[in-house]
Number of protein chains: 2
Amino acid sequence: MEHRIERIKKLLHAQSYKLTPQREATVRVLLEREEDHLSAEDVYLLVKEKAPEIGLATVYRTLELLSELKIVDKINFGDGVSRYDLRKEGAAHFHHHLVCMECGTVEEIVEDLLEDVEKIVERDWQFKVKDHRLTFHGICRKCQQKELE
Amino acid sequence: MEHRIERIKKLLHAQSYKLTPQREATVRVLLEREEDHLSAEDVYLLVKEKAPEIGLATVYRTLELLSELKIVDKINFGDGVSRYDLRKEGAAHFHHHLVCMECGTVEEIVEDLLEDVEKIVERDWQFKVKDHRLTFHGICRKCQQKELE
DNA sequence: AAATCAATTGAGAATCATTCACAAATTATA
DNA sequence: TATAATTTGTGAATGATTCTCAATTGATTT
Ligand SMILES: [Zn+2]
Ligand SMILES: [Zn+2]
Ligand SMILES: [Zn+2]
Ligand SMILES: [Zn+2]
């Protein structure tokens with residue numbers, strides 16, 4: 001935890017940004033809830049528990065900043081809000097998501113899986129891939145079992 | 001064109017929806033601009049040229065309806081607006097997109113490319129895939145050439 | 001064709017997420 | 001400590017989307 005905060009602090013300093021208390025509190029929330037996919041509002045409410053004076057705009061600004069620095073990725077599952085997702089330590093690519101159409105849970109896939117597809121896209125479309133977003137919509141394991149009952 | 005309108009009309013009737021003049025005008029805009037990725041506002045302005053009395057809410061309602069019927073897919077490239085994309089004739093899956101980070105153009109990939117990945121996801125995550133969203137962000141061919149100059 | 005009933009529409013208000021503006025507070029630096 | 005630049009909180013502004021509701025339309029029955 002502290003180790004990851006340190007690393008983020010260095011990334012900020014490298015671009016001459018400061019790790020203010022508000023920013024640190026925000027990062028801590030993201031670390032503590034790493035497996036979730038929090039909206040800005042979600043983050044705001046959680047940060048308020050640690051730092052009640054924080055303003056919503058600051059949370060938006062911090063998330064925006066972390067996005068620029070590729071510390072978090074901004075995703076959209078089509079429900080009208082942006083969600084913010086910490087990059088896995090040392091991950092070259094953004095991870096993938098499985099969204100259950102039944103219960104709404106979101107699973108993560110850390111494995112790359114797209115290596116071959118990216119090669120094809122670069123070769124056949126001459127498009128230089130920098131990043132990707134891959135989301136599968138379907139039925140999760142639990143909901144499949146429920147359907148059988 | 002007329003043939004595709006007819007098909008859509010049948011899809012609507014099958015669920016006992018009507019193809020009203022407003023809905024037809026909206027579908028015609030989508031057909032005419034099939035290669036674009038129009039926002040609701042874009043569609044509204046174009047439909048107004050054919051049917052000036054139409055209201056924005058009707059366009060939203062129509063796009064929502066076409067989404068439910070899987071005639072169009074709703075996508076979000078992270079710029080704050082939803083975009084609406086006609087499914088290709090007879091396509092089993094939603095097509096993929098290449099978004100240029102430099103000039104903003106959006107290319108389409110109709111080829112499936114994800115067959116193997118979906119098999120892996122179904123087998124290893126026991127997730128029943130119904131749909132997907134795949135977008136690559138990077139540099140398009142034209143912008144790569146510009147950089148070399 | 002008129003009557004009937006449900007579906008659909010247009011207009012504008014309401015809502016919701018996100019951004020902006022700006023004065024006050026904080027931080028790093030001299 | 002004085003200075004300058006960055007960051008913050010507040011509340012207002014914006015922009016996209018949804019909602020409300022009375023009026024209109026479309027299909028169906030007489
Ligand atoms: Zn589920
Ligand atoms: Zn994730
Ligand atoms: Zn380009
Ligand atoms: Zn498309």
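Letters go in sequence order (proteins before strands), and every chain restarts at 1.
With D:dT17, C:dT8, D:dG9 as the choices, the nucleotide that has an atom nearest any side-chain atom of A:R61 turns out to be D:dG9. Taking every side-chain heavy atom of A:Q22 into account, D:dG9 is the closest of C:dT18, D:dG9, C:dT8. For B:A57, counting side-chain heavy atoms from C-beta on, the closest listed nucleotide (C:dT8, D:dC19, D:dT17) is D:dC19. Residue A:T58 has its side chain nearest to D:dG9 when only C:dT8, C:dT18, D:dG9 are considered. Listed nucleotides D:dG9, C:dT27, D:dT18 differ in distance to A:I54; the shortest reach to its side chain belongs to D:dG9. Minimum atom distance to the side chain of A:K18 is reached by D:dT6, of the listed D:dG26, D:dT6, C:dT8. You'll find that the side chain of B:P21 is closest to D:dG26, out of C:dT8, C:dT19, D:dG26. For A:Y17, whose side chain is taken as the heavy atoms from C-beta onward, the closest listed nucleotide among C:dA17, D:dG26, D:dT7 is D:dT7. Of all nucleotides listed (C:dT27, C:dT18, D:dG9), D:dG9 comes nearest to the side chain of A:E53.
Just one residue in the list B:E32, B:E89, B:E24 forms a salt bridge (Lys or Arg N to Asp or Glu O under 4.0 Å) with B:R4, and that residue is B:E89.
In this structure, B:S16 reaches neither bases nor backbone, as no heavy-atom distance under 4.0 Å exists between it and the strands shown. Nucleic acid contact class of A:S39 (heavy atoms, under 4.0 Å, all strands): none.
For the pair A:L56 and B:Y84, nearest-nucleotide mapping onto DNA chain D gives the more 5' position to A:L56.
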